[in-house]
Amino acid sequence: MPELPEVQHVVDTLRPHVTGVRIRAVRLHRNDIVEPMGFDLSKALTDRSIQNVSRRAKRIVFSLDDGQSFYIHLGMSGRLIASEPNATVAKHTHLMIEIDRPVVSQIRFVDPRSFGGIFWTNDDTELGPEPLTISSSILARQLAGTKRIVKSALLDQKLIAGLGNIYVDESLFDARIHPERISSELSREEVGRLCRSIKSVLKRAINSGGSSLRDYVDANGERGGFQKLHRVYGRAGEKCVKCRSAITSKVLGGRTTAFCPRCQMK
DNA sequence: GTCCATGTTCTTTA
DNA sequence: CTAAAGAACATGGA
């Protein structure tokens with residue numbers, strides 16, 4: 001579910017529920033989703049208040065009143081939902097944070113596939129620059145340093161942090177760049193186009209509330225609408241919206257990749 | 001039963 | 001060292 005636009009939308013919908021709110025209790029139903037393993041989340045969070053919620057790459061970062069911070073990563077199927085305390089507890093609810101609010105008084109982390117988790121650290125030095133604010137020259141520098149195909153490079157969070165399979169494919173289509181082009185061989189003009197495309201695709205996705213394929217909903221349980229606007233992702237065999245050629249699908253770097261063979265020439 | 005999935009990380013291989 | 005390929009993690013839907 002969660003690439004940058006989905007995570008941003010979760011953060012935006014979560015913020016009004018938790019900003020300035022005190023944590024009353026923490027119920028952890030699975031301790032292997034907390035890193036470091038064995039960390040006492042309850043001790044660290046109880047009676048602290050949440051100063052702010054923000055996004056870094058695909059991470060949902062919580063800042064506390066004692067200056068500490070931690071993040072939740074949604075993995076592939078994670079949801080973070082504001083709930084009423086008496087709402088039915090969904091299967092695979094791994095964490096419930098009780099907050100000091102009269103109505104919506106729980107934040108629940110539900111994650112069937114358990115690829116997500118809670119990470120007690122604020123170290124983001126492993127992450128590359130943010131896609132929404134990266135400059136064309138920085139992107140060019142990042143891409144110049146690798147001979148991998150551009151599809152794989154853009155998925156590398158150390159190179160640029162926040163894109164995933166959907167938005168890499170959509171951005172490459174928008175920029176008319178073939179996913180198998182060698183990163184370091186892109187022209188300055190192509191990188192400029194790619195930089196603009198990444199931002200416009202992500203902004204449009206955020207404005208649509210993200211892409212809901214199966215699991216994804218925001219903190220209020222609402223689905224996004226950007227899946228209806230996908231131009232290549234999930235459209236293999238269908239006609240290209242620009243040239244009517246058939247959209248091609250191919251596994252690249254272990255990930256299914258959709259592109260238009262005519263609009264995105266090698 | 002099979003295949004596939006919006007993510008990340010590790011191992012093997014070249 | 002770089003990078004590609006494959007597997008692993010766990011679950012559910014088609």
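Order of the sequence lines fixes the chain letters, A, B, ..., with proteins taken first and strands second; residue numbering starts at 1 for each chain.
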Give the rounded distance in Å between these two atoms: [atom1] of [X] and [atom2] of [N].
| X | N | atom1 | atom2 | result |
| --- | --- | --- | --- | --- |
| A:Ile160 | B:dT8 | CD1 | P | 13 Å |
| A:Leu154 | B:dT6 | CG | C1' | 16 Å |
| A:Glu126 | B:dG7 | CD | C1' | 16 Å |
| A:His230 | B:dT6 | NE2 | C1' | 9 Å |
| A:Leu229 | B:dT6 | CG | C1' | 16 Å |
| A:Lys58 | B:dT8 | NZ | C1' | 9 Å |
| A:Lys158 | B:dT8 | NZ | C1' | 9 Å |
| A:Met76 | B:dT8 | CE | P | 9 Å |

- Task: Please answer whether the main-chain N or O of A:Val232 pairs with a side-chain N or O of A:His230 as donor and acceptor at a distance below 3.5 Å.
- Result: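 Answer holds: no.
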(message) On DNA chain C, does the nearest nucleotide to A:Gly253 precede the nearest nucleotide to A:Arg30 from the 5' side, or the other way round? Give the residue.
(response)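 Of the two residues, A:Gly253 wins.
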DNA chain C in dot-bracket form (Watson-Crick or G-U pairs under 3.5 Å, [ ] crossing, | inter-strand) is .||||||||.||||
Base, sugar-phosphate or nothing for [X]? Non-hydrogen atoms, less than 4.0 Å.
| X | value |
| --- | --- |
| A:Tyr167 | nothing |
| A:Gly164 | sugar-phosphate |
| A:Ser152 | nothing |
| A:Lys91 | sugar-phosphate |

Taking the same atom, [atom1], in [N] and in [M], what whole-Å distance lies between them?
| N | M | atom1 | answer |
| --- | --- | --- | --- |
| B:dT8 | C:dC1 | C1' | 22 Å |
| B:dT2 | C:dA7 | P | 15 Å |
| C:dA3 | B:dT6 | P | 23 Å |

Parallel, tilted or perpendicular: which fits the ring planes of A:Phe39 and A:Trp120, with parallel below 30° and perpendicular above 60°?
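If you compare the ring of A:Phe39 with that of A:Trp120, the planes turn out parallel.
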For the pair A:Tyr71 and A:Phe119, name the ring-plane relationship: parallel under 30°, tilted 30 to 60°, perpendicular over 60°.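 A:Tyr71 vs A:Phe119 ring planes: parallel.
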Return yes if a side-chain donor-acceptor contact under 3.5 Å exists between [X] and [Y], otherwise no.
| X | Y | value |
| --- | --- | --- |
| A:Thr257 | A:Lys151 | yes |
| A:His94 | A:Ser114 | yes |
| A:Tyr167 | A:Glu6 | yes |
| A:Thr121 | A:Asp123 | no |

Sequence neighbours left out, what passes salt bridge (Lys or Arg N to Asp or Glu O under 4.0 Å) with [X]? Give chain and number order.
| X | value |
| --- | --- |
| A:Arg27 | A:Glu98 |
| A:Arg141 | none |
| A:Asp32 | A:Arg30 |

Exercise for the section: Before giving the answer on side chain to side chain donor-acceptor pair (under 3.5 Å), spell out for A:Ser49 and A:Asp65 the whole-Å C-alpha distance, their side-chain angles and the decisive distance to 0.1 Å. Expected result: CA-CA 6 Å; A:Ser49 64; A:Asp65 60 348; 3.2 Å; yes
Query - Within 6.0 Å of CZ in A:Arg24, more than 12 heavy atoms from elsewhere - result: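 More than 12 heavy atoms, drawn from other residues, nucleotides or ligands, come within 6.0 Å of this atom.
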Of all nucleotides in DNA chain C with an atom under 4.0 Å from a non-hydrogen atom of chain A, which is the first and which the last going 5' to 3'?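 Going 5' to 3' along DNA chain C, contacts run C:dA3 to C:dG12.
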Nucleotide N/O to protein N/O under 3.5 Å, stretch nucleotides 12-14 of chain B:
none

So does [X] get a side-chain nitrogen or oxygen closer than 4.0 Å to the phosphate oxygens (OP1/OP2) of [N]?
| X | N | answer |
| --- | --- | --- |
| A:Arg255 | B:dG7 | yes |
| A:Arg113 | B:dT6 | no |
| A:Gln157 | B:dG7 | no |

Would you kindly check if the NZ (Lys) or CZ (Arg) of A:Lys242 is within the cone defined by 45 degrees around the ring axis of A:Phe173 and under 6.0 Å from the six-membered ring centre?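 Flagged: A:Lys242 positioned over aromatic ring of A:Phe173.
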